[in-house]
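Each remark here refers to the structure printed beneath this line.
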Amino acid sequence: MSDGALTVLDGSHLRAVDLSLPDSDVTLTGAHVLDLADSKASSSLFGLTLPQGLKSSALKRLNVQDDDVFRQAELDRHQALKLAGDYITAIADELKDDPIVISILDGNTIRLFLEDEDDFAMLAENLFTDLDAEDVGKLNKSVIQSALLHMGVEMGVPPVSEFPPLSDILTKHGAYGEEELGQAQFAELLQPILQELAEALAKKNVVLIQNIKIVNGSKLRKLLADEKQINSVIEKILQGKKDGLGSAEVIRSYLEKNELELGLPPSEGNEPAAILYDLVFTELEQDKSALKEGEDSFGNLVKKILEKLAEQLEANPVFHDTEH
C-alpha cells in the first residue's frame, strides 16, 4: 500500500510469495532455507534488505529456542518448504503488527523536475540561494554535493553512502573542484548530474527505511488480550487517582504519559493523535453509564477506552516521525 512518495510495508506484499525450492541434491539446512526465504521476501518488498530486528522477531514467532541448532538442522524438502512458508508468514504477521515505511528512489521524482524548465530553474535558484549563505553570488563547484544533500530523499536523491554510483557521477562532472560558479553556471552543472542520477536510479532503485512509525492498535489489542498485563495497567491508573479528578481525566492523563509503552501514538505535536483522544473521550462523556464509580466500573472503563482507541487506530492508523 502506497502513500505518495512513501510506501507502507504491512505484510500484504508477502501473502502470495512463490515458495518453490531450487532443484538440487544439496542437503538443505535451516540456514539455507532462511537465506532463501529472506531473498524471496526481499524481492517482494521492492528489494529491501530485511532489518535484523524484523527477522529476529519473525523467528521468535516460530518459537525458535536455539538459533545455532535451528540453522544447522538438516531438513527434507517437505520440512524446508514448511519452514520457508511459516517464516515468511511470520515476517508478514510482524509487518502487519508493526509496518515499515520506505521510500523507493527510482529517478521519477528527479525526472519531474528536469522535464519542466520552470520547475528546474526554480529548484536551481532556491538551492543556490540557500547555499550562498553570505550572498556573494558565487559558489564552489564542490557545493554541488551539498545541493544534492539539501534536496535529499524527499526530492528523490539518495545519500552517497546508500548509492555509491553517485560519487562516480559527481567525479565525472567535476563536481569536486574549487572553481567558482555563478547561479547560471551552477544550474548548468546541476542539470546533467541530476539527469545521469535519474537514469542510474531507474536501472537500480534505492530503497530506504524512513523514520516513521505507524501506530495501528496492534500493541493495544495484545495488551487487552493479556489479563495480567491489563490488570496491572488498571492498578497503576487507580494508584494515580486523586480527589477532585474525574475517572476520564485520570485515565487520559495516564495514557498520555505512557503512550509509547502502551502502543499509543504521541499526542504532543501530532494533530491526528490529539483528534483521536478527543474523539474517544468526547464519546465517553456522552455515555453516562460508562462513568459509574467503583473499582470494578473503573477497570471496565479503562478497558472500554482502550478498546475504542484500538478500534479507531485499526481503522485509521496514526503516523508519527520517530526523529521528533
Side-chain angles (χ1 to χ4, degrees), residues 1-3 6-106 158 162-163 201-226 229 263 310 313-315 317:
M1 128 184 186
S2 298
D3 181 13
L6 300 176
T7 298
V8 176
L9 304 182
D10 57 5
S12 58
H13 301 87
L14 297 176
R15 299 300 181 185
V17 172
D18 174 20
L19 293 176
S20 58
L21 295 172
D23 292 328
S24 173
D25 294 330
V26 176
T27 300
L28 293 169
T29 64
H32 290 141
V33 175
L34 292 181
D35 287 344
L36 176 65
D38 283 340
S39 177
K40 287 183 177 290
S42 176
S43 297
S44 297
L45 298 176
F46 308 97
L48 174 71
T49 299
L50 301 185
Q52 188 58 47
L54 173 61
K55 294 190 287 186
S56 297
S57 296
L59 286 175
K60 286 179 182 176
R61 285 178 179 261
L62 299 183
N63 295 316
V64 173
Q65 304 298 325
D66 189 320
D67 189 63
D68 289 336
V69 172
F70 179 76
R71 290 177 179 277
Q72 292 171 15
E74 294 186 358
L75 308 169
D76 61 32
R77 291 185 69 83
H78 175 73
Q79 291 171 320
L81 272 172
K82 184 176 187 311
L83 171 59
D86 290 346
Y87 178 60
I88 287 181
T89 296
I91 293 175
D93 290 343
E94 190 65 26
L95 287 172
K96 182 180 179 182
D97 284 350
D98 191 11
I100 290 175
V101 180
I102 62 171
S103 289
I104 304 170
L105 308 186
D106 56 8
E162 298 289 342
F163 194 61
L201 287 171
K203 294 175 183 175
K204 182 175 175 55
N205 297 172
V206 172
V207 181
L208 299 174
I209 295 177
Q210 296 298 300
N211 293 313
I212 297 174
K213 179 80 172 173
I214 300 177
V215 183
N216 59 11
S218 63
K219 192 171 181 178
L220 270 183
R221 288 190 290 277
K222 288 180 181 178
L223 171 64
L224 286 162
D226 188 320
Q229 281 196 346
L313 286 168
E314 184 176 20

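Computed from a predicted model, the values in this text were never measured in an experiment.
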Would you name the heavy atoms of [X] and [Y] that are closest together and state the gap between them?
X	Y	answer
L48	P51	CD2-CD, 4.5 Å
L19	G85	CD1-CA, 3.3 Å
E74	Q79	O-OE1, 4.2 Å
P99	I214	CB-CD1, 3.9 Å
A41	L50	CB-CD1, 4.0 Å
G263	L220	O-CG, 4.3 Å

Passes side chain to side chain contact (heavy atoms under 4.5 Å, CB included), L208 versus L105? Steps please. CA-CA 8 Å; L208 299 174; L105 308 186; 4.0 Å; yes
Would you give the length of the straight line joining atom [atom1] of [X] to atom [atom2] of [Y], rounded to the nearest 0.5 angstrom?
X	Y	atom1	atom2	value
H32	L34	NE2	CG	10.5 Å
L54	L95	CG	CG	5.0 Å
I100	Q210	CD1	CD	12.0 Å
L14	Y87	CG	OH	10.5 Å
I91	S57	CD1	OG	10.0 Å

Check for a donor-acceptor pair, side chain of [X] on one end and backbone N or O of [Y] on the other, with a separation under 3.5 Å.
X	Y	value
K40	V17	no
Q229	D226	no
S39	D35	no
S42	D38	no

[Y] side chain reached by [X] side chain, heavy atoms, under 4.5 Å:
X	Y	answer
T89	R15	yes
D106	N205	yes
L81	L21	yes
Q65	F70	no
R61	D93	yes

Please assess S103 against L6 for the test side chain to side chain contact (heavy atoms under 4.5 Å, CB included), listing each intermediate value before the final yes or no. CA-CA 5 Å; S103 289; L6 300 176; 3.4 Å; yes
Would you call D98 and K219 a salt bridge, using N to O less than 4.0 angstrom?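 A salt bridge is absent here (no side-chain N lies under 4.0 Å from a carboxylate O).
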Look at R221 together with D97 and state whether they make a salt bridge at an N to O cut-off of under 4.0 Å.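 Looking at D97 together with R221, the answer is no, because their closest N to O distance does not fall below 4.0 Å.
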Worked verdict on K82 versus V33 for side chain to side chain contact (heavy atoms under 4.5 Å, CB included): CA-CA 10 Å; K82 184 176 187 311; V33 175; over 6 Å; no
Tell me whether the count of non-hydrogen atoms from other residues, nucleotides or ligands lying under 6.0 Å of NZ in K96 goes above 12.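 No.
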Might you work through the side chain to side chain contact (heavy atoms under 4.5 Å, CB included) test for V64 and K60, ending with a clear yes or no? CA-CA 6 Å; V64 173; K60 286 179 182 176; over 6 Å; no
Which one of I212, L45, T7 satisfies the side chain to side chain contact (heavy atoms under 4.5 Å, CB included) criterion with I102?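 Checked I212, L45, T7 against I102; only one passes side chain to side chain contact (heavy atoms under 4.5 Å, CB included): T7.
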